[in-house]
Engineer: 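This is the structure I have questions about; it appears just below.
Atoms considered below: every heavy atom in the structure, side chains included; atoms not considered: hydrogens, waters and symmetry mates.
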Amino acid sequence: MLFEPRSGRLAAWGNALLAGLVSPDEAALSVVGEDAVHRVAGLPGEAGPVGLTLALGRLRALGVSGLRVALPAPGHPLGLSGPPEFNARALEAEEAVVCAGAALGLVPEVTEAGPAGDVHVSVLWQCLPVREAPPADVPSLGEAERELAEALREATVVLTRLDVAASGPVADAALSAYRARAEAGREVLAPGYPPRAVRVLALAQRVDLMVSLAYENGHGGAVAASEMAARAEALRPVERVARRALVAAYNAAVEQH
C-alpha cells in the first residue's frame, strides 16, 4: 500500500525548501529517510544523474514553484495530467511527482540489494516532460476529510462483516508501530503545511493501514473464493478514498497559494 510514498516525502520537503522554510541539506535528508541514496536523472541542463540537493536547486532554477503528488492505479490516473508516456511510467511505479511552474515530472525507480535484514535501497528519480494541465481527480482537503470519515466507518463495518478485522500478531505490531510514530510526534508533513493537511494525512494513513492489514492478514474467516472476491470488492473504494486524501494532503502546500 501507500502508507508513506516516496513521492509524498519528496513533494512535502521539496515544497518546504521552495518556500524557504528548510535548508537544501535538511530537505534532502528528510526525503531520503531510511533509503541509502536518492539521485535524479534526466534533469534539463545535467548530463547525468545528480544528487538530490543539487536536483532540488536545479528545479528551482528551472522555475518550479511547487511539487504535487500523483498516486495512480489501474483505471484511476489520480494526480496525473499526461502525456501518455509519463502516465504509463507513473502507473508502473504507482506514484510520481509533478512540478508546478515547469512542465516536468519525476518518477522513482527503486532498486534493492543485499540480504534480508540488511537491504540497501537506492532510488533513481527519472525527470520527464509532463503536460501542464489540472491533475486528475484530486479533491480539496475538505472533500477528502469528509470522504475519509465515511471511509473509516465503512472499512470497520466491512472488515467486521468479512471477519478480517485487523487482529493477530502482525496486525498488532503494525498498529503499535503506527501509534508509536504518532505519539513520538513524528512530523507527518514538512513545515509550511496547514494543520488540516496534517490531520487529513494522518487519517488517510490510518485508513490505508487498515486496508493494507486486511489484504495482508491472511484469510480470516473469508476462506471461500467468493468471500475473498467480496473482500477485495468492498475494500477497493475505501483504498481509493485513502489515496485521494493522501494526494490532497501532500498537494495542499501548492494548492493554498
Side-chain angles (χ1 to χ4, degrees), residues 1-16 27-28 30-43 49 52 55-56 59 64 66-100 102-112 121-131 133-139 144 148 188-190 193 197 200-202 204-209 211-212 215 236 238-255:
M1 289 292 173
L2 298 160
F3 185 66
E4 190 176 29
R6 289 180 174 88
S7 55
R9 292 206 307 266
L10 177 56
W13 288 94
N15 284 330
S30 298
V31 173
V32 172
E34 298 180 359
D35 297 335
V37 64
H38 283 221
R39 294 176 67 78
V40 181
L43 274 171
L52 198 53
L56 289 169
L59 288 173
V64 173
L67 300 172
R68 294 186 175 96
V69 170
L71 298 177
H76 188 207
L78 176 62
L80 297 175
S81 57
E85 294 80 7
F86 180 81
N87 286 7
R89 295 280 287 271
L91 181 59
E92 183 179 359
E94 299 183 337
E95 61 177 314
V97 171
V98 179
C99 299
L104 298 170
L106 300 156
V107 179
E109 294 179 358
V110 181
T111 303
E112 298 183 354
V121 180
S122 59
V123 180
L124 181 66
W125 294 89
Q126 293 287 348
C127 185
L128 303 162
V130 300
R131 181 180 299 139
D137 198 37
V138 178
L148 274 172
V188 294
L189 279 172
Y193 276 82
V200 167
L201 180 64
Q205 289 175 330
R206 182 180 172 195
V207 173
D208 193 47
L209 176 62
V211 173
S212 181
Y215 280 125
R236 194 172 297 117
V238 180
E239 187 269 343
R240 182 184 179 110
V241 167
R243 284 191 300 110
R244 277 167 47 87
L246 285 170
V247 171
Y250 283 121
N251 293 3
V254 178
E255 305 304 337

Engineer: Which atom pair, heavy atoms only, marks the closest approach of R243 to A73?
Structural biologist: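 Here R243 and A73 meet closest at NH2-CB, 3.4 Å.
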Engineer: Yes or no on side chain to side chain contact (heavy atoms under 4.5 Å, CB included) for T111 and L124, after CA distance, side-chain angles and deciding distance?
Structural biologist: CA-CA 8 Å; T111 303; L124 181 66; over 6 Å; no
Engineer: Is a donor on one side and an acceptor on the other found under 3.5 Å between the side chain of Y250 and the backbone of A12?
Structural biologist: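 The answer is no, because no donor-acceptor pair under 3.5 Å joins these two groups.
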Engineer: Work out which heavy atom in L91 is nearest to a heavy atom in P74; give both atom names and the distance.
Structural biologist: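 For L91 and P74, the tightest heavy-atom pair comes out as CD1-N, 3.6 Å.
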Engineer: Out of curiosity, R236 CZ to H76 NE2, how far, rounded to the nearest 0.5 Å?
Structural biologist: 13.0 Å
Engineer: Determine whether V110 and R6 make a side-chain contact, defined as any pair of heavy atoms from C-beta on separated by less than 4.5 Å.
Structural biologist: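 Sidechains of R6 and V110: in contact.
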Engineer: Any side-chain heavy-atom pair from Q205 and L246 closer than 4.5 angstrom?
Structural biologist: yes
Engineer: Identify the two heavy atoms, one from G8 and one from V69, that lie closest to each other, and give their separation to 0.1 Å.
Structural biologist: CA-CG2, 3.8 Å
Engineer: Between the side chains of E109 and R89, is the shortest nitrogen-to-carboxylate-oxygen separation below 4.0 Å, so that they form an ion pair?
Structural biologist: yes
Engineer: Quick one, V238 and V207 - any side-chain contact, counting heavy atoms below 4.5 Å?
Structural biologist: yes
Engineer: Can you name the nearest heavy-atom pair linking A11 to Y193, along with the distance?
Structural biologist: O-OH, 3.9 Å
Engineer: Name the one of V123, L10, L52 that satisfies side chain to side chain contact (heavy atoms under 4.5 Å, CB included) with V32?
Structural biologist: L52
Engineer: Is any side-chain heavy atom of S7 closer than 4.5 Å to one of E94?
Structural biologist: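 No, too far: nothing below the 4.5 Å cut-off.
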Engineer: So, does E95 use its side chain to make a donor-acceptor pair with the main chain of P5 at under 3.5 Å?
Structural biologist: no
Engineer: Work out which heavy atom in P135 is nearest to a heavy atom in R68; give both atom names and the distance.
Structural biologist: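 For P135 versus R68, the nearest heavy atoms are CG-CD, 4.3 Å.
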Engineer: Side-chain contact test, heavy atoms from C-beta onward, threshold under 4.5 Å: evaluate it for L43 versus L59 and give yes or no.
Structural biologist: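 In contact.
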Engineer: Apply side chain to side chain contact (heavy atoms under 4.5 Å, CB included) to residues F86 and V98 and explain how you reach the verdict.
Structural biologist: CA-CA 10 Å; F86 180 81; V98 179; 4.1 Å; yes
Engineer: For the atom pair CZ (R244) and CG (L71), what is the distance rounded to the nearest 0.5 Å?
Structural biologist: 12.0 Å
Engineer: Where is the tightest heavy-atom contact between A249 and V200, given as atom of each residue plus distance?
Structural biologist: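 Closest approach of A249 to V200, heavy atoms only: CB-CG1, 4.2 Å.
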Engineer: With side chain to side chain contact (heavy atoms under 4.5 Å, CB included) as the criterion, how do C99 and L67 come out once you've worked through the C-alpha distance, each side chain's angles and the decisive distance to 0.1 Å?
Structural biologist: CA-CA 5 Å; C99 299; L67 300 172; 3.8 Å; yes
